[in-house]
> 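Provided herewith is a single structure, encoded as structure tokens, for subsequent inquiry.
So you know, we letter chains A, B, ... as the sequences are listed, proteins then strands, and number each from 1.
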Amino acid sequence: MTELEPNSPLPQVVPSDFIREIVQQDIASGRRQRIVTRFPPEPNGYLHIGHAKSICLNFGIAMETGGVCHLRMDDTNPTKEEVEYVDSILADVRWVTSGWADSVLGLKRVGETPTSAAHGLDFQIARTTASDGTPLEPFFASDYFDAIHAFAQQLIRLGKAYVCDLTPEQTEQYRGSPDRPGQNSPYRNRSVDENLDLFSQMRDGKFRDSACTLRAKIDMSSPNIWMRDPVIYRIRHAEHHHTGNRWCIYPMYDFAHCLSDYIEGITHSICTLEFEVHRPLYDWILSTLQLPRPLPHQYEFARLNLGYTVMSKRKLLQLVQEKIVTGWDDPRLPTISGIRRRGVPAASLRTFAQEIGVTKYNGLTDLSVFEFAVRSELNRTAARRMGVLHPVRVILTNIPAGEVLWVDAINNPEDPNSGTRRIPFSREILIEQEDFQENPPPKYFRLRPGGDVRLKYACIIHCDEVVKNTTGQVVEVRCTADLESRSGGANAGRKVKGTIHWVSAEHALSAEVRLYDRLFTVAEPDRGDGDFRQYLNPDSLKIIEGWVEPSLREAHPGDRFQFERVGYFAIDVRDSRSDKLVFNRTISLKDGWAKESARSP
RNA sequence: UGCCCGAUGGUGUAACGGUAGCACAGCAGACUCUGGAUCUGUUUGUCAUGGUUCAAAUCCAUGUCGGGCAGCCA
């Protein structure tokens with residue numbers, strides 16, 4: 001089970017965008033009393049950060065207006081959908097909304113469905129709370145199959161739908177093309193009775209897959225392709241993850257979605273830009289069925305494009321199936337489960353969504369915006385620890401072997417309530433290879449021969465001697481510790497330019513550290529015709545053995561830390577064990593020195 | 001060459017006929033027992049051309065560029 005996030009203590013600025021303005025107008029004008037939105041993923045893959053944007057929008061509007069947002073599985077295609085995806089989607093939505101919008105997460109009692117057309121065509125199903133202890137589950141479009149089927153029959157009775165025997169290929173030909181009108185199907189003028197009869201034969205399994213379809217009767221010469229007698233029901237002799245073998249005909253997205261919205265009493269049906277051309281059909285279905293108003297309305301916004309990654313479900317599935325990554329929750333993936341495993345807090349996803357805004361402009365968001373949201377949240381909340389990733393041994397010659405000096409370290413300078421901890425300090429320590437240079441460049445102010453540096457929370461040391469092996473590699477640095485410069489000591493105020501992190505060699509814990517980098521080498525790997533896999537970053541994962549301070553022995557899977565001066569790391573929830581810690585690098589710290597040193601090579 | 005949508009610094013967004021602002025990135029500096037964080041300063045922008053108006057990023061027209069639409073996918 002996914003661990004949920006604590007409440008975010010920071011007050012949130014109420015965001016504003018063109019959709020929220022419409023919602024506010026609808027409330028102000030009295031057109032809507034209570035806002036009901038929905039988040040309607042198809043359970044055919046895992047959710048990604050683009051979905052997080054949509055979740056933040058839909059649940060955010062519900063939060064801000066005192067409404068509710070239904071989580072609904074848009075499951076009308078049995079051949080692509082699986083329960084594994086249903087479960088992961090629920091877990092991901094709970095995680096993103098936890099500590100923030102849990103109170104407006106719309107679920108329903110397990111097994112509850114609309115009571116079908118027995119009540120006429122005007123009925124609605126609403127979200128319930130778990131107050132009586134009944135287990136809850138998401139809404140499912142497939143729970144409305146009876147109702148949707150009744151609506152289809154009604155459409156036939158109104159003379160607005162017909163059963164068509166054209167083959168898939170013929171249907172395509174008859175549809176015409178964007179700049180050429182289509183032509184009427186020869187089956188377009190079947191009588192109501194014949195259509196009703198054929199449709200019931202379809203439902204009863206009298207026909208093979210694709211033998212015929214139910215189509216809306218609209219206008220084959222419409223400039224909008226989706227109004228050219230769109231298919232609204234097709235035959236699929238396939239087992240459905242939620243309805244089993246009860247059905248062999250399934251409604252198409254366009255027919256099921258608007259009606260699902262209607263059945264749930266959705267007020268604002270928010271989707272991405274590619275559905276813009278479907279909106280006339282959405283409206284046509286609801287108004288042709290003469291359903292009581294107010295009807296739900298569809299609004300569209302631009303989906304998220306983020307640099308150096310891919311977002312399409314197809315490509316993500318490909319990366320998983322071809323084992324280019326380790327699974328849907330690989331920390332390099334932009335999936336919500338990957339992002340979570342990597343150590344990104346849910347609050348970062350929310351502030352990110354707020355920063356990028358909601359518009360109809362199809363742009364490419366710079367990765368740095370996301371990275372900033374991650375760093376700023378982690379800076380506030382992550383406990384500081386010390387860890388050395390690429391060690392070099394330092395001997396403090398004036399400290400006797402076997403002596404252990406304990407020093408106090410601040411857990412989080414950004415959080416006064418986080419307290420302190422004790423760290424062992426002794427004769428042999430490990431420091432970062434980068435923090436010692438025999439021939440340092442200008443402006444380098446860490447350890448050098450004959451130079452001084454402060455060991456964070458311990459004392460200032462002076463480098464006396466460098467020991468190398470036969471290949472000239474530095475294997476040991478011998479230093480003298482100024483023990484009076486320890487915190488609280490006589491020389492505590494002594495200033496040196498550099499401060500570095502360290503661990504006591506004898507006490508440090510060995511840990512596996514997984515260093516993640518962007519999955520692709522170019523900002524838009526799926527741009528152009530080529531295979532996006534050619535841009536895979538061969539260095540997207542480096543696994544090393546690092547050394548961390550002993551207090552980490554008590555840490556738990558999922559805990560997030562800042563290794564001082566290095567970056568943010570989370571204990572892997574899948575592979576870490578108490579006797580062999582595994583850390584995922586969430587993100588590195590900003591490195592001002594890297595920038596400085598790159599300037600004058 | 002049909003229909004729909006869009007265009008504001010490097011990137012993302014605000015300004016709803018009246019001083020083009022914010023965030024990220026960048027640059028410069030201050031501070032620092034994290035070259036982190038923080039703080040200060042700062043470079044860069046209304047797609048083009050006409051029109052309406054005292055006044056246009058905003059309204060209108062035309063053009064340019066970008067995106068979407070021809071699944072019995074969603």
> Could you check which of B/G67, B/G36, B/G35 has an atom nearest any side-chain atom of A/Pro413?
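Of the options given, the side chain of A/Pro413 lies nearest B/G36.
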> Regarding A/Arg446, tell me which of base, sugar-phosphate or nothing describes its non-hydrogen contacts under 4.0 Å with the strands shown.
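The answer is base, as A/Arg446 lies within the cut-off (heavy atoms under 4.0 Å) of a base atom.
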> Counting only N and O atoms by type, is there a donor-acceptor contact under 3.5 Å from the side chain of A/His240 to the main-chain atoms of A/His242?
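Indeed, once roles are kept as given, a pair shorter than 3.5 Å links the two residues.
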> Tell me if the side-chain of A/Glu434 makes a donor-acceptor pair with the base of B/G35, cut-off 3.5 Å, by modelled atom types.
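Side chain to base: no pair below 3.5 Å.
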> Give a yes or no on whether a donor-acceptor pair under 3.5 Å exists between the nucleobase atoms of B/G2, that is its base, and the side chain of A/Arg180.
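Side chain to base: no pair below 3.5 Å.
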> Using a 4.0 Å heavy-atom cut-off across all strands, classify A/Phe370 as base, sugar-phosphate, or nothing.
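Answer is nothing: A/Phe370 stays at 4.0 Å or more from every strand.
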> Between atom CD in A/Gln562 and atom C1' in B/C33, what is the gap in whole Å?
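Those two atoms, CD and C1', are 14 Å apart.
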> What nucleic acid atoms does A/Arg384 come within less than 4.0 Å of, heavy atoms only: base, sugar-phosphate, or nothing?
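Contact class for A/Arg384: base.
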> A/Lys443 near the nucleic acid: base, sugar-phosphate alone, or nothing, with a heavy-atom cut-off under 4.0 Å?
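Base, at least one base heavy atom under 4.0 Å.
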> Within the 4.0 Å heavy-atom criterion, would you say A/Pro181 contacts the bases, only the backbone, or no part of the nucleic acid?
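Result for A/Pro181 = nothing.
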> Using a 4.0 Å heavy-atom cut-off, does A/His257 contact any base of the nucleic acid, only the sugar-phosphate backbone, or nothing at all?
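Since no nucleic acid heavy atom lies under 4.0 Å of A/His257, the category is nothing.
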> Does A/Phe445 reach a base, just sugar-phosphate, or nothing at all? Heavy atoms under 4.0 Å.
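Result for A/Phe445 = base.
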> Are A/Phe145 and A/Tyr250 close enough that their ring centres sit under 6.0 Å apart?
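That pair passes the under 6.0 Å test.
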> Distance to the ring centre below 6.0 angstrom and angle to the axis at most 45 degrees; does that hold for A/Arg518 and A/Tyr308?
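Yes, a cation-pi geometry holds between A/Arg518 and A/Tyr308.
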> Output yes when at least one side-chain N/O atom of A/Arg380 is less than 4.0 Å from OP1 or OP2 of B/U38, else no.
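Negative; the distance criterion is not met.
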> With rounding to whole Å, what would you report as the distance between B/C60 and B/U53 at their C1' atoms?
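To the nearest whole Å, 12 Å.
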> Tell me what A/Arg175 touches on the nucleic acid: a base, only sugar-phosphate, or nothing, going by heavy atoms under 4.0 Å.
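Sugar-phosphate, no base atom in range.
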> For the C1' atoms, the ones on B/C5 and on B/G10, what distance do you get once it is rounded to whole angstrom?
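Per the computed distance, 25 Å lies between those C1' atoms.
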> Classify the nucleic acid contact of A/Tyr444 as base, sugar-phosphate or nothing, counting any heavy atom under 4.0 Å across all strands shown.
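Touches a base.
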> May I ask which nucleotide in the shown strands pairs with B/A7, Watson-Crick or G-U wobble, both distances under 3.5 Å?
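Here B/A7 is engaged in a pair, and the nucleotide opposite it is B/U64.
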> Measure from the side-chain N and O atoms of A/Tyr233 to the backbone N and O of A/Phe199, and report whether any donor-acceptor pair falls under 3.5 Å.
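Looks like no, no N/O pair under 3.5 Å.
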> Where does B/G67 land, syn or anti, once you apply the within-90°-of-0 test for syn?
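It is anti.
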> Give the rounded distance in Å between these two atoms: CD of A/Glu276 and P of B/C69.
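That distance rounds to 11 Å.
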> State whether A/Arg421 and A/Asp408 are salt-bridged, where the test is any N-O pair (Lys NZ or Arg NE/NH1/NH2 against Asp/Glu carboxylate O) under 4.0 Å.
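Salt bridge absent between A/Arg421 and A/Asp408.
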> What integer number of Å spans the C1' atoms of B/A7 and B/A14?
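Result for the C1' pair: 16 Å, nearest Å.
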> Write down the distance separating the C1' atoms in B/C16 and B/A25, rounded off to the nearest Å.
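Taking atom C1' in both B/C16 and B/A25, they lie 29 Å apart.
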> Specify the separation, in whole Å, of atom CZ of A/Arg454 and atom P of B/U32.
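It works out to 13 Å between those atoms.
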> Just say parallel, tilted or perpendicular for the rings of A/Trp328 and A/Tyr46, cut-offs at 30° and 60°.
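Answer is parallel, since the angle falls under 30°.
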> OP1, OP2 of B/C5 versus side-chain N and O of A/Arg279: anything below 4.0 Å?
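Checking B/C5 against A/Arg279, no side-chain N or O comes under 4.0 Å of OP1 or OP2.
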> In whole angstrom, give me the gap between the C1' atoms of B/A15 and B/C59.
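Here B/A15 and B/C59 have their C1' atoms 16 Å from each other.
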> Using the C1' atom on both, measure B/U13 against B/U8 and round to a whole Å.
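Taking atom C1' in both B/U13 and B/U8, they lie 9 Å apart.
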> Base, backbone or nothing for each nucleotide of nucleotides 10-15 of chain B, written B, S, -, heavy atoms under 4.0 angstrom, 5' to 3'?
-SSSSS
> Give the rounded distance in Å between these two atoms: CD of A/Glu274 and P of B/A70.
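Distance, rounded to whole Å: 11 Å.
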> For the pair A/Phe39 and A/His51, name the ring-plane relationship: parallel under 30°, tilted 30 to 60°, perpendicular over 60°.
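Judged by the thresholds at 30° and 60°, the geometry between A/Phe39 and A/His51 is perpendicular.
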> Taking ring pair (Phe, Tyr, Trp, His ring centres under 6.0 Å) as the criterion, tell me which of A/Tyr253, A/Phe301, A/Tyr299, A/Trp226 meets it with A/Phe275.
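When ring pair (Phe, Tyr, Trp, His ring centres under 6.0 Å) is applied between A/Phe275 and each of A/Tyr253, A/Phe301, A/Tyr299, A/Trp226, only A/Tyr253 qualifies.
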> Just grab all the salt bridge (Lys or Arg N to Asp or Glu O under 4.0 Å) pairs involving residues 228-243 of chain A, residues at least two apart or on different chains.
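For residues 228-243 of chain A: A/Arg188-A/Asp229.
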> Determine which nucleotide pairs with B/U19, using a 3.5 Å limit on both distances of a Watson-Crick or G-U wobble pair.
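Paired with B/U19, as far as the under-3.5 Å criterion goes, is no nucleotide at all.
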> Within residues 203-216 of chain A, find the residues that approach RNA chain B with a heavy atom at under 4.0 Å, and present them sorted by residue number.
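Here the set is A/Ser210, A/Thr213.
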> Can you tell me how far P of B/U34 sits from NZ of A/Lys497, to the nearest Å?
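From A/Lys497 NZ to B/U34 P: 12 Å.
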> Do the ring planes of A/Phe569 and A/Phe563 sit parallel (below 30°), tilted (30 to 60°) or perpendicular (above 60°)?
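Because their plane-to-plane angle is under 30°, the rings of A/Phe569 and A/Phe563 count as parallel.
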> Given atom CG of A/Asn224 and atom P of B/C4, what is their separation to the nearest angstrom?
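Nearest whole value for this atom pair: 9 Å.
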> Scan side-chain atoms only and decide if A/Glu434 and A/His390 contain a donor-acceptor pair under the 3.5 Å cut-off.
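Not at all, the side chains of A/Glu434 and A/His390 share no donor-acceptor pair under 3.5 Å.
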> Indicate, with a heavy-atom threshold strictly under 4.0 Å, whether A/Phe275 touches base, sugar-phosphate, or nothing.
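Contact class for A/Phe275: base.
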> For the pair made of NZ in A/Lys590 and C1' in B/C24, what is the distance, rounded to whole Å?
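In whole Å, B/C24 C1' and A/Lys590 NZ are 10 Å from each other.
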> State whether A/Arg314 places a side-chain N or O below 4.0 Å from either non-bridging phosphate oxygen (OP1 or OP2) of B/C73.
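For B/C73, OP1/OP2 do not have a side-chain N/O of A/Arg314 under 4.0 Å.
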> Could you tell me whether A/Arg279 and A/Glu300 make a salt bridge, using a distance below 4.0 angstrom between a side-chain N and a carboxylate O?
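Here A/Arg279 pairs with A/Glu300 in a salt bridge, since their nearest N and O are under 4.0 Å apart.
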> Does a side-chain N or O of A/Thr76 approach OP1 or OP2 of B/A74 to a distance below 4.0 Å, or not?
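Indeed, a polar side-chain atom of A/Thr76 lies that close.
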> Any strand is fair game: report the nucleotide pairing with B/C69 by Watson-Crick or G-U wobble, both distances under 3.5 Å, or none.
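Looking at the geometry, B/C69 pairs with B/G2.
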> Less than 4.0 angstrom from a charged side-chain N to a carboxylate O is my criterion; do A/Glu274 and A/Arg303 meet it?
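A salt bridge links A/Glu274 with A/Arg303.
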> Less than 3.5 Å apart, any donor N or O on the side chain of A/Glu564 or A/His501 sitting next to an acceptor on the other?
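No - no donor-acceptor pair under 3.5 Å links their side chains.
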> Under 4.0 Å: is that the gap between some side-chain N or O of A/Lys595 and OP1 or OP2 of B/C27?
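Checking B/C27 against A/Lys595, a side-chain N or O does come within under 4.0 Å of OP1 or OP2.
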> Base, sugar-phosphate or nothing for A/Leu166? Non-hydrogen atoms, less than 4.0 Å.
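Base, at least one base heavy atom under 4.0 Å.
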> Using atom P in both nucleotides, what's the gap between B/C47 and B/U58 to the nearest angstrom?
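Result for the P pair: 8 Å, nearest Å.
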> Return the pairing partner of B/G26 with a 3.5 Å limit on both distances, Watson-Crick or G-U wobble; otherwise return none.
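Matched B/G26 with B/U42 under the 3.5 Å cut-off.
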> What nucleic acid atoms does A/Glu42 come within less than 4.0 Å of, heavy atoms only: base, sugar-phosphate, or nothing?
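Sugar-phosphate only.
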> Say you pick atom P in B/U11 and the same atom in B/A48; how far apart are they, in whole Å?
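Pairwise P distance, B/U11 against B/A48, rounds to 15 Å.
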> Base, sugar-phosphate, or nothing: which does A/Asn77 touch, judged by heavy atoms less than 4.0 Å apart?
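Sugar-phosphate only.
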> Between atom OH in A/Tyr250 and atom P in B/A74, what is the gap in whole Å?
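From A/Tyr250 OH to B/A74 P: 12 Å.
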> Please work out if A/Lys456 contacts a base, only the sugar-phosphate, or nothing of the nucleic acid, heavy-atom cut-off 4.0 Å.
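Counting heavy atoms under 4.0 Å across all strands, the contact made by A/Lys456 includes a base.
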